[in-house]
Amino acid sequence: SELCESKLNRLFAPKHHCNVGEVLCNTTKFYPEKEIKKILGRNRRKFEPLSGPVIEPGDLVQMPQIKNSLDEYQEVNMCRTRTVTVVPKTGFDVDMKLRYIVNVEGFQQALTYETCLDANQDCFGSDLLPFDYKTLCKQTYNIVRLVSLSEAGKLEYGRFTVPSNCVCSYKKERLF
């Protein structure tokens with residue numbers, strides 16, 4: 001019994017992750033898809049409503065707006081971004097433990113978010129600020145709950161840190 005439990009724990013503990021520095025990975029070696037489908041089948045009623053988009057950028061939602069004379073100006077982000085959609089197979093949870101994320105045929109958890117193209121670089125238009133101010137494009141993050149697999153092979157809600165968007169921040173620099 002102990003030997004079987006040890007084998008299962010190795011099966012449900014990922015050993016491979018795609019790229020260093022990424023918290024989520026769409027592909028991985030040795031993803032236990034058949035086993036996940038079996039476990040999901042036994043728990044379908046509990047977890048099925050959670051399948052589908054998990055997080056999407058808020059600007060996709062159209063908010064009602066009142067027209068005014070300023071509508072003739074086009075808005076431009078201060079930092080360049082790229083929209084990314086992932087359907088991750090593995091990810092590091094908030095405790096930095098690598099876990100399998102449930103994403104199989106019939107049950108997918110998709111995440112769409114924005115990443116900074118110029119992280120830690122000056123924002124657009126920073127040269128228009130007074131000389132003692134510095135701008136910086138910074139990646140921001142959210143914590144989302146995703147159905148994932150414990151090392152014991154049980155479905156549970158894992159908490160994962162994922163990028164959300166890119167913001168322009170500024171600070172006053174000390175001159176002396």
Side-chain angles (χ1 to χ4, degrees), residues 9-37 39-41 43-63 75-124 135-171:
N9 286 350
R10 281 196 307 269
L11 177 66
F12 298 122
K15 303 285 187 266
H16 175 265
H17 194 65
C18 52
N19 297 323
V20 175
E22 290 186 17
V23 291
L24 299 172
C25 185
N26 281 336
T27 60
T28 188
K29 293 180 182 177
F30 314 115
Y31 187 72
E33 188 162 348
K34 288 180 185 176
E35 291 81 2
I36 289 174
K37 283 182 176 181
I39 296 166
L40 192 56
N43 296 279
R44 184 154 306 273
R45 196 175 297 142
K46 181 179 179 182
F47 290 100
E48 193 167 42
L50 302 174
S51 180
V54 176
I55 185 171
E56 298 177 28
D59 65 346
L60 297 177
V61 177
Q62 294 297 317
M63 298 297 290
E75 291 182 15
V76 177
N77 285 341
M78 300 297 283
C79 297
R80 294 184 320 139
T81 63
R82 175 177 58 136
T83 301
V84 176
T85 299
V86 295
V87 182
K89 300 275 186 171
T90 61
F92 287 98
D93 66 13
V94 294
D95 297 321
M96 291 309 293
K97 188 172 186 176
L98 185 59
R99 298 175 57 154
Y100 285 120
I101 298 170
V102 177
N103 267 315
V104 294
E105 184 182 332
F107 188 94
Q108 291 194 328
Q109 302 174 92
L111 298 120
T112 301
Y113 52 82
E114 288 186 355
T115 60
C116 292
L117 285 177
D118 304 313
N120 301 317
Q121 302 294 315
D122 288 343
C123 305
F124 172 76
T135 64
L136 197 63
C137 291
K138 292 172 68 173
Q139 184 69 50
T140 60
Y141 297 85
N142 283 332
I143 295 175
V144 297
R145 290 171 50 133
L146 298 171
V147 179
S148 57
L149 216 51
S150 73
E151 285 186 7
K154 302 225 184 292
L155 294 179
E156 59 187 22
Y157 298 105
R159 296 175 64 226
F160 296 84
T161 304
V162 297
S164 58
N165 60 23
C166 186
V167 298
C168 177
S169 63
Y170 70 92
K171 68 178 180 179

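All values below come from the heavy atoms of this structure, side chains included, with hydrogens, waters and symmetry mates left out.
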query: Roughly how far, to the nearest 0.5 Å, is the OG1 atom of Thr115 from the CZ atom of Arg80?
result: 10.5 Å

- request: To the nearest 0.5 Å, tell me how far Asn43 CG sits from Lys154 NZ.
  value: 9.0 Å

query: Can you list the residues that meet the salt bridge (Lys or Arg N to Asp or Glu O under 4.0 Å) rule with Arg159, with sequence neighbours excluded?
result: none

- request: Measure from the side-chain N and O atoms of Gln109 to the backbone N and O of Val147, and report whether any donor-acceptor pair falls under 3.5 Å.
  value: yes

- prompt: When rounded to the nearest 0.5 angstrom, what is the spacing between CG in Asp122 and CE in Met78?
  reply: 10.5 Å

message: For a quick test of reading the model, state the closest non-hydrogen atom pair linking Gly91 to Phe160 and the distance between them.
response: O-CE2, 3.6 Å

- prompt: Residues two or more places apart in sequence or in another chain: which of them pass salt bridge (Lys or Arg N to Asp or Glu O under 4.0 Å) with Lys37?
  reply: Glu33

- prompt: Can you check whether Ile39 reaches Val102 side chain to side chain, under 4.5 Å on heavy atoms?
  reply: no

- prompt: Could you state the interatomic distance from CG (Leu111) to CD1 (Ile101), rounded to the nearest 0.5 Å?
  reply: 7.5 Å

- request: Output the distance between atom SG (Cys79) and atom CZ (Phe124), rounded to the nearest 0.5 Å.
  value: 11.0 Å

Sulfur-sulfur distance Cys166/Cys116 under 2.5 Å: yes

query: OG1 of Thr90 to OH of Tyr31: how many Å apart, nearest 0.5 Å?
result: 9.0 Å

statement: Asn165 meets the side-chain contact (heavy atoms from CB on, under 4.5 Å) criterion, sequence neighbours left out, with Glu114, Thr140, Val167

Where Ser164 and Tyr113 come nearest, the two heavy atoms and their spacing: O-CB, 3.8 Å

field: Closest approach of Arg99 to Pro14 (non-hydrogen atoms, all atoms of both residues)
entry: C-CG, 3.5 Å

- prompt: With a 4.5 Å limit on heavy-atom distance, are the side chains of Val162 and Val86 in contact?
  reply: no

- line: Smallest heavy-atom separation, Thr85 atom then Asn26 atom, equals O-ND2, 4.4 Å

query: Do Cys123 and Cys168 have their SG atoms less than 2.5 Å apart?
result: yes

- prompt: Is the side chain of Asp93 donor-acceptor paired with the backbone N or O of Asp95 at a distance under 3.5 Å, no angle test?
  reply: yes

- prompt: Okay, side chain of Asn103, backbone of Pro88: is any donor-acceptor separation there less than 3.5 Å?
  reply: yes

